[in-house]
Number of protein chains: 2
Amino acid sequence: MTASALDLAFQALADPTRRAMVERLGRGPASVSDLAEPFAISLPGVVQHLKILESAGLVRSEKAGRVRTCRLEPQVLGLAEQWINDRRHDWERRLDCLGDYLDTLGDPP
Amino acid sequence: MTASALDLAFQALADPTRRAMVERLGRGPASVSDLAEPFAISLPGVVQHLKILESAGLVRSEKAGRVRTCRLEPQVLGLAEQWINDRRHDWERRLDCLGDYLDTLGDPP
DNA sequence: CTGATACTTAAGTAAGAACTTAAGTAATGG
DNA sequence: CCATTACTTAAGTTCTTACTTAAGTATCAG
């Protein structure tokens, strides 16, 4: 099953380590070692998380010399935000309609 | 590892079947059978998805007679949206600072 | 009462996720 | 050069997830 952009984005954000990495990258670019520093896990573990973030399109990285520099890529974050926003709007619109309906009941001709 | 509210929310939203269920519930309450109808999976499969949505706090359900009615619970959706929003704001603020810095370079006294 | 309907419970399986350790390679600083 | 530093690759383990089928238990309609 080829996962959609939203599948990959939400899946990537579901892990606390990966969310912390995204939080770090929100404050500016970082090397792999920088990203790894706050965590108690091995470096290959961090790199695996990074790969998941990259294949979700949330992060981009490039290597210069022996240092790989990672940066946040905000578009996909926007896509996820938009999906949630749409759901909430659906829900709010429904409450409005219900309100209108209740108004008609309490407001006879 | 006890998962946080955001872990549970993003994990729940990472599955396309569950997102479709949330989309459906955004348009109004539904029974378990209603929710199951669009999908090619078994009813117990649907109920398992529903449990995940409920324990993430995204959906609430109650049983009347033999029918369980499910509704969207928008607060946790708001929590997830807020987290994403915060990351984007961090990122945008950084670009602003960079812009200011570049302005000072191009604007000598 | 009886047979459908609407779930519910239990148990099993196959694939995926999140690590690990061990052993690389490839730049750099001295 | 040569030892660090900064990753990279490979492979193995364990836990979780997303299903499945089979066999329940309450309702409700006639």
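Numbered from 1 within each chain, the chains take letters A, B, ... in sequence-line order.
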Exercise. Rounding to a whole Å, what distance do you find between B:Met21:CE and D:dA18:C1'?
Worked result: 13 Å
For this session: Tell me which of A:Ala64 and A:Ala40 sits closer to the 5' end of DNA chain C, going by the nucleotide each one is nearest to.
Result: A:Ala40
Exercise. Taking atom types as modelled and ignoring hydrogens, do the side chains of A:Glu62 and A:Thr69 form a donor-acceptor contact shorter than 3.5 angstrom?
Worked result: no
Exercise. Given atom CG of A:Asp7 and atom P of C:dG16, what is their separation to the nearest angstrom?
Worked result: 14 Å
For this session: Starting at CG of B:Leu77, measure out to CG of B:Leu72 and round the result to the nearest 0.5 Å.
Result: 6.0 Å
Exercise. Do the side-chain N or O atoms of A:His49 get closer than 4.0 angstrom to the phosphate oxygens (OP1, OP2) of C:dC19?
Worked result: yes
Exercise. Taking the six-membered ring of A:Trp83, is the NZ or CZ of A:Arg87 close enough (under 6.0 Å from the centre) and on axis enough (within 45°)?
Worked result: yes
Exercise. Rounded to whole angstrom units, what separation is found between the CD atom of B:Glu54 and the C1' atom of C:dT8?
Worked result: 13 Å
For this session: Provide, to the nearest angstrom, the distance between the CG atom belonging to B:Leu53 and the P atom belonging to D:dA18.
Result: 10 Å
For this session: Could you state the atom-to-atom distance from CG of A:Asp15 to P of D:dT16 in whole Å?
Result: 14 Å
For this session: Select base, sugar-phosphate, or nothing to describe what A:Ile41 touches, counting heavy atoms under 4.0 Å on all strands.
Result: sugar-phosphate
For this session: Scan B:Ser42 against the nucleic acid and name what it touches under 4.0 Å (heavy atoms): base, sugar-phosphate only, or nothing.
Result: base
For this session: To the nearest Å, give me how far apart NZ (A:Lys63) and C1' (D:dT8) are.
Result: 7 Å
For this session: Give one of base, sugar-phosphate or nothing for A:Gly65, where a contact means two heavy atoms less than 4.0 Å apart.
Result: sugar-phosphate
Exercise. Between D:dT25 and B:Arg66, is there an OP1 or OP2 to side-chain N/O distance shorter than 4.0 Å?
Worked result: no
For this session: Mind calculating the distance between CD1 (A:Ile52) and P (C:dG16) to the nearest angstrom?
Result: 13 Å
Exercise. Is there a donor in the side chain of A:Asp86 and an acceptor in the side chain of A:Gln82, or the other way round, less than 3.5 Å apart?
Worked result: yes
Exercise. Is there a donor N/O on one and an acceptor N/O on the other, under 3.5 Å, for the side chain of A:Gln48 and the base of C:dT20?
Worked result: yes
For this session: Would you state whether a donor and an acceptor, one from the side chain of B:Gln11 and one from the base of D:dT17, lie under 3.5 Å apart?
Result: no
Problem set entry | Comparing A:Lys51 and B:Pro44 on DNA chain D - which has the more 5′ nearest nucleotide | A:Lys51
Problem set entry | d(CZ, B:Phe39; P, D:dA18) in whole Å | 13 Å
Exercise. Measuring from A:Ser31:OG to A:Arg68:CZ, what's the distance to the nearest 0.5 Å?
Worked result: 11.5 Å
Problem set entry | Distance test, side-chain N/O of A:Ser31 to OP1/OP2 of D:dC7, below 4.0 Å | yes
